[in-house]
Each structure stands twice: as C-alpha cells, then as structure tokens.
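Shown next, in structure tokens, is the structure this report addresses.
In this text the structure is predicted, and so the values were computed from the model without any measurement. Computation of the quantities below employed the complete heavy-atom set of this structure, encompassing side-chain atoms and omitting hydrogens, waters and symmetry-equivalent molecules. Sequential numbering from 1 along the given sequence is applied to the chain's residues.
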Amino acid sequence: MNEVYLAIILDVINEKYYSEEVFCQNQLAIDEQEWHEWKAGKYSLTAEQTQKIKNLFTDYEWMLFQKVLRQTVIYPEKRSQAVSEYRQMKLQIAKKWMDSKVAEIELLDDSLENQEFQALLIAVGIDYHRWGFDDILTFRIPARLQKQLANDQVKLIAWFDEQMQELK
C-alpha cells in the first residue's frame, strides 16, 4: 500500500468520521482486523467498498489527491508533507475561488451517522451549469463556529486564511 495514499485517506476518514473504527463499521462493514490487513496490503476490498473510500472525496478533491500522489513520486522528499500539502492546496484553491468570486458557498446537511462531534460541512464550488461537472471542495468546521461563519463570506475567507497559516 502506498504510504502517501494511505496517509491522506486516513486523514480524510479521521476528519469526516472522527475514527477509522466508525468508518469501517458504518461505511465498509468490515472489522478492525480486515481494515488493518487492507492497510498492510494483505486484504482486498470489494469494488463497492473501494468506491466508498473514493466517495470520501469530491471529484475535484480526488483529482487534487492524485496530483499530490504524483508529486510525491516525482519528488520523494515531499512524501512526509503530503497530507499537509493536500490540505493546504484545498484551502488555497478554495480561497482563490472565493477571492475571485467564481465560487458559491453552501452549507451542507451533515448526515453522517454516529458522529461523536458536531460539525458544519461547507462546500465551496464552481457551478458550470452542466450536470455533474461542478468543481467542489468540502471542509468540516466545528459546529461552534457555525453562527460566526455560516452566512458571511468575508469571515469564511478569514477562516480559510487562518487555516492556511496553521498549516505552514
């Protein structure tokens, strides 16, 4: 199993589901042993389970993920920074879209089961007015910030700036 591929997937799982265990039980319907074997490259997931892993990402996020993976092949010294690079690029792209006023921000209904923590799911996207071709980046923000950020693009941009500074 490619270590960068796995590191980014685990980071996204922990962001969205707060634990690998919750994701495995609720989404993949596999036990902890099978999950550890899959991570070690000794167990194959079904096509449906593999699709559920891919569905952790929007199409645009999946493309960005693939670019980060490719960069770590070309520049092996970047492997240790791949997760932060992926997160930083998501934030940077979303900020650029928002600064140029081409993006729309939408609060999404967060319907994940068995969440331990409340969170706000924000989608920053560009709508090309053709079905299925929108570019979307999603961000999970602690619910305590919902009232501060929910309907204020300026505050959202400031939040993105703050997040980028923390990643550096």
Side-chain angles (χ1 to χ4, degrees), residues 1-97 106 108-126 132-143 145 159-168:
M1 178 72 56
N2 180 302
E3 66 187 54
V4 173
Y5 176 84
L6 188 58
I8 293 173
I9 286 175
L10 294 178
D11 184 66
V12 172
I13 287 171
N14 286 315
E15 176 189 2
K16 292 186 177 190
Y17 290 88
Y18 304 105
S19 80
E20 294 174 48
E21 182 181 347
V22 170
F23 177 72
C24 289
Q25 289 174 354
N26 295 346
Q27 297 300 311
L28 301 181
I30 62 173
D31 62 34
E32 193 174 336
Q33 179 65 29
E34 291 168 320
W35 179 244
H36 288 296
E37 288 179 10
W38 176 77
K39 292 191 307 185
K42 298 175 184 175
Y43 179 82
S44 295
L45 298 174
T46 66
E48 182 180 344
Q49 290 166 326
T50 301
Q51 185 61 43
K52 286 181 179 183
I53 289 176
K54 188 174 184 239
N55 288 344
L56 290 166
F57 303 86
T58 66
D59 290 341
Y60 196 88
E61 289 167 342
W62 186 255
M63 179 270 310
L64 182 58
F65 177 31
Q66 300 306 311
K67 284 185 169 187
V68 170
L69 285 175
R70 187 182 67 226
Q71 289 297 90
T72 63
V73 170
I74 297 169
Y75 304 103
E77 65 276 10
K78 293 273 195 182
R79 289 181 186 151
S80 64
Q81 305 159 8
V83 172
S84 63
E85 188 79 15
Y86 172 76
R87 287 173 157 241
Q88 190 172 13
M89 287 309 301
K90 269 182 65 174
L91 286 165
Q92 188 172 344
I93 291 165
K95 184 180 181 317
K96 190 165 201 115
W97 289 353
E106 182 181 357
L108 301 176
D109 178 33
D110 195 359
S111 59
L112 296 177
E113 296 176 15
N114 296 327
Q115 279 196 340
E116 296 176 27
F117 307 99
Q118 291 282 324
L120 175 66
L121 187 61
I122 294 178
V124 178
I126 299 176
F133 288 94
D134 300 350
D135 286 333
I136 301 167
L137 295 167
T138 58
F139 300 90
R140 189 161 309 284
I141 299 171
L145 299 175
W159 180 85
F160 281 114
D161 283 338
E162 182 180 313
Q163 295 304 306
M164 287 182 67
Q165 293 305 316
E166 287 179 16
L167 288 173
K168 290 182 180 179

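Between N14 and F23, every side-chain heavy-atom pair lies at or beyond the 4.5 Å cut-off.
Between I122 atom CD1 and I136 atom CD1 the span is 14.0 Å, to the nearest 0.5 Å. Summarising the geometry, atom CZ belonging to R87 is positioned 12.5 Å from atom CG belonging to L64; distances are rounded to the nearest 0.5 Å. We find the OH-CG distance between Y17 and L56 to be 6.0 Å, quoted to the nearest 0.5 Å. A distance of 10.5 Å separates NZ in K78 from OG1 in T72, rounded to the nearest 0.5 Å. I126 contributes atom CD1, which lies 7.0 Å from atom OH of Y60 (distance to the nearest 0.5 angstrom). To the nearest 0.5 Å, the span separating NZ on K95 from CG on L137 amounts to 14.5 Å.
Y5 has its ring centre less than 6.0 Å from the ring centre of F65.
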**Message:** For K67 and M89: C-alpha separation, side-chain torsions, deciding distance, then whether side chain to side chain contact (heavy atoms under 4.5 Å, CB included) applies.
**Reply:** CA-CA 10 Å; K67 284 185 169 187; M89 287 309 301; over 6 Å; no
**Message:** L28 vs W38, test: side chain to side chain contact (heavy atoms under 4.5 Å, CB included). Steps then yes/no.
**Reply:** CA-CA 12 Å; L28 301 181; W38 176 77; over 6 Å; no
**Item:** Evaluation steps, side chain to side chain contact (heavy atoms under 4.5 Å, CB included), between F57 and T138
**Value:** CA-CA 8 Å; F57 303 86; T138 58; over 6 Å; no
**Item:** Audit row: I74, Q71, side chain to side chain contact (heavy atoms under 4.5 Å, CB included) steps and yes/no
**Value:** CA-CA 5 Å; I74 297 169; Q71 289 297 90; 3.9 Å; yes
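Applying the side-chain hydrogen bond (donor to acceptor under 3.5 Å, both in side chains) test to residues at least two apart or on different chains, the pairs with a partner in residues 42-56 are E34-Y43, T46-Q49, Q51-N55.
Applying side chain to side chain donor-acceptor pair (under 3.5 Å) to E20 and the options H36, Q25, K39 leaves one that passes, K39.
Other residues, nucleotides and ligands place no more than 12 heavy atoms under 6.0 Å from the CG atom of D59. More than 12 non-hydrogen atoms from other residues, nucleotides or ligands lie less than 6.0 angstrom from CD of E15.
Counted by atom type alone, E37 and Q33 present one or more donor-acceptor pairs between their side chains at under 3.5 Å.
Cation-pi geometry between K90 and F139 is met: under 6.0 angstrom from the ring centre, within 45 degrees of the axis.
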